[in-house]
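Have a look at the structure below before the remarks.
Convention: sequence-line order gives letters A, B, ...; per-chain numbering from 1. Since this is a predicted model, take the numbers as computed values, not measurements.
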There are 2 protein chains.
Amino acid sequence: MSVTNTAVTAQVTGPCGDDDCGIRDVLDRLGDRWSVLVVVELAKGVRRFRELERAIPGISQRMLTLTTKRLGRDGLVERTAHATIPPQVEYRLTDLGRSLAGLITQLADWSREHAPAIEAARTRWDST
Amino acid sequence: MSVTNTAVTAQVTGPCGDDDCGIRDVLDRLGDRWSVLVVVELAKGVRRFRELERAIPGISQRMLTLTTKRLGRDGLVERTAHATIPPQVEYRLTDLGRSLAGLITQLADWSREHAPAIEAARTRWDST
DNA sequence: CCGAATCCCAAGCGATACTG
DNA sequence: CAGTATCGCTTGGGATTCGG
């Protein structure tokens, strides 16, 4: 994924001077439709595959698999498979994942707190 | 910021028993590729269209227009057009936008702080 | 129950050209 | 400078099916 342009790489200042800071990394990891929801659900405790699926309405089996795998690769989620019949797989947040969950919770709080203000802004914007 | 703060996330449950909490709203608003970067840049001060474009490497004119428009509609960004020649349009965060920028900054900090840990986790995962 | 594999569509985004 | 309009690709992700 190159940026194609020749001059793009020209100036990329300090940690946050004019550039993107580390935010891009966070977005690449959590910007998809489900990762954050999985982290939030796991913040409540250990969950099995099926439990996650039921707890997150609308997620497909495929996306749950992909999402947990990515989160596992990034070291945010830990997977434990019990060789029972039927199979039983548990997912839990790592310490790393928990530290992130705290921040996400704040974002959720912000969203709930300011939802009315945003709604009002939209209504205002749409009516003009 | 400590990594092992398990107490923080102990009770995320609140109003979101099994459901999506307010996080979905946040994702729908900031989950795209550019919104967060624009907010971060505007957190540094007032910016003109061209300044934003130069400050955010890789963004296209089209996406900058779309993004600022959406953020404007949501009441996070304010637009001020001066009828000069050449035209001059200023963007700045609203109070609402600034309150969000603070949280985003924390996310960026988290990302920078834990980037090595994530990188290590990936290397570990890929090698097994 | 857990998950991999395949098919396929639509949204998101980039590139480019044009207007005021 | 600050947008708008159009086109085409790339990717996310839903539906379905098969395997362990």
Side-chain angles (χ1 to χ4, degrees), chain A residues 1-9 20 23-24 26-39 41-42 46-74 77-92 125 128, chain B residues 20 23-24 26-38 41-42 46-74 77-92 125 128:
Chain A
M1 59 169 245
S2 63
V3 194
T4 67
N5 205 324
T6 55
V8 168
T9 57
D20 68 48
I23 297 180
R24 202 46 159 290
V26 157
L27 287 179
D28 287 344
R29 180 157 19 262
L30 305 174
D32 63 274
R33 193 158 183 70
W34 304 110
S35 292
V36 167
L37 295 179
V38 169
V39 169
E41 182 58 28
L42 288 180
V46 178
R47 291 289 186 276
R48 295 178 50 185
F49 188 89
R50 205 84 173 91
E51 290 176 330
L52 279 176
E53 193 175 3
R54 269 184 275 106
I56 304 175
I59 195 170
S60 66
Q61 213 172 35
R62 169 185 144 86
M63 289 317 296
L64 183 53
T65 300
L66 284 179
T67 302
T68 52
K69 194 175 294 181
R70 284 180 209 155
L71 292 174
R73 184 173 114 96
D74 288 342
V77 163
E78 197 175 25
R79 201 190 100 120
T80 313
H82 301 279
T84 60
I85 295 190
Q88 183 166 343
V89 181
E90 290 177 345
Y91 297 92
R92 80 192 69 221
W125 198 92
T128 55
Chain B
D20 67 46
I23 297 180
R24 203 44 161 292
V26 157
L27 287 178
D28 287 344
R29 181 159 16 262
L30 305 174
D32 64 275
R33 193 159 182 70
W34 303 111
S35 292
V36 167
L37 296 179
V38 169
E41 182 58 27
L42 288 180
V46 177
R47 291 288 186 277
R48 295 178 51 185
F49 188 89
R50 208 77 174 74
E51 289 176 332
L52 279 176
E53 194 175 3
R54 268 183 276 106
I56 304 175
I59 196 171
S60 65
Q61 214 172 34
R62 170 186 140 87
M63 288 316 296
L64 183 53
T65 301
L66 285 178
T67 303
T68 52
K69 198 174 293 183
R70 284 180 211 156
L71 292 174
R73 184 173 113 96
D74 288 342
V77 164
E78 197 176 25
R79 201 191 98 121
T80 312
H82 301 280
T84 60
I85 295 188
Q88 185 166 342
V89 181
E90 291 177 346
Y91 296 91
R92 80 193 67 222
W125 198 96
T128 54

Next on the checklist: Distance check needed: C:dG12 P versus B:Arg62 CZ, whole Å only.
Outcome noted: 10 Å

Next on the checklist: In whole Å, I'd like the distance from the CG atom of B:Leu66 to the P atom of C:dG14.
Outcome noted: 10 Å

Checklist entry - Within this structure, what is the CZ-to-P distance between B:Phe49 and C:dG20, rounded to whole angstrom? => result 17 Å

Next on the checklist: Classify B:Thr65 by what it touches in the nucleic acid, base, sugar-phosphate, or nothing, heavy-atom distance under 4.0 Å.
Outcome noted: base

Item to check | Step-by-step side-chain contact (heavy atoms from CB on, under 4.5 Å) determination, B:Met63 to B:Arg33 | outcome: CA-CA 9 Å; B:Met63 288 316 296; B:Arg33 193 159 182 70; over 6 Å; no

Next on the checklist: Once salt bridge (Lys or Arg N to Asp or Glu O under 4.0 Å) is applied, what residue pairs with a partner in residues 56-65 of chain B remain, sequence neighbours excluded?
Outcome noted: none

Checklist entry - Rounding to a whole Å, what distance do you find between A:Tyr91:OH and C:dC2:P? => result 8 Å

Checklist outcome for this item: Across all chains, not counting sequence neighbours, the side-chain contact (heavy atoms from CB on, under 4.5 Å) partners of B:Arg29 are A:Ile118, A:Arg122, B:Asp25, B:Asp74, B:Leu76

Could you pull out every donor-acceptor pair under 3.5 Å between side chains of residues 78-91 of chain B and any protein atom, sequence neighbours left out?
residue, atom, partner, partner atom, Å
B:Thr84, OG1, B:Pro86, O, 2.8
B:Glu90, OE1, B:Arg92, NH2, 3.2

Item to check | Atom-pair distance (CD on A:Glu53; P on C:dA4), nearest Å | outcome: 14 Å

Checklist outcome for this item: When rounded to whole Å, the CD to C1' distance for the pair B:Gln61 and C:dC13 reads 15 Å

Checklist entry - Just the endpoints, please: which first and last nucleotides of DNA chain D, 5' to 3', lie under 4.0 Å from a heavy atom of chain A? => result D:dG13 to D:dG20

Item to check | side-chain contact (heavy atoms from CB on, under 4.5 Å) involving A:Leu27 - partner list, sequence neighbours excluded | outcome: A:Ile23, B:Val36

Checklist entry - Below 4.0 angstrom, N of the basic side chain to O of the carboxylate: do B:Arg54 and B:Glu51 qualify? => result no

Checklist entry - For A:Arg48, what residues pass the side-chain hydrogen bond (donor to acceptor under 3.5 Å, both in side chains) criterion, not counting sequence neighbours? => result none

Item to check | Phosphate-side-chain proximity, B:Arg33 and C:dG12, N/O vs OP1/OP2 below 4.0 Å | outcome: no

Checklist outcome for this item: Between NZ of A:Lys69 and C1' of C:dA5 the distance, given in whole Å, is 11 Å

Next on the checklist: With nearest nucleotide decided by heavy atoms, which residue, A:Asp32 or A:Pro87, maps closer to the 5′ end of DNA chain D?
Outcome noted: A:Asp32

Checklist entry - How close or far is atom P of C:dC1 from atom CD1 of A:Ile85, stated in whole angstroms? => result 14 Å

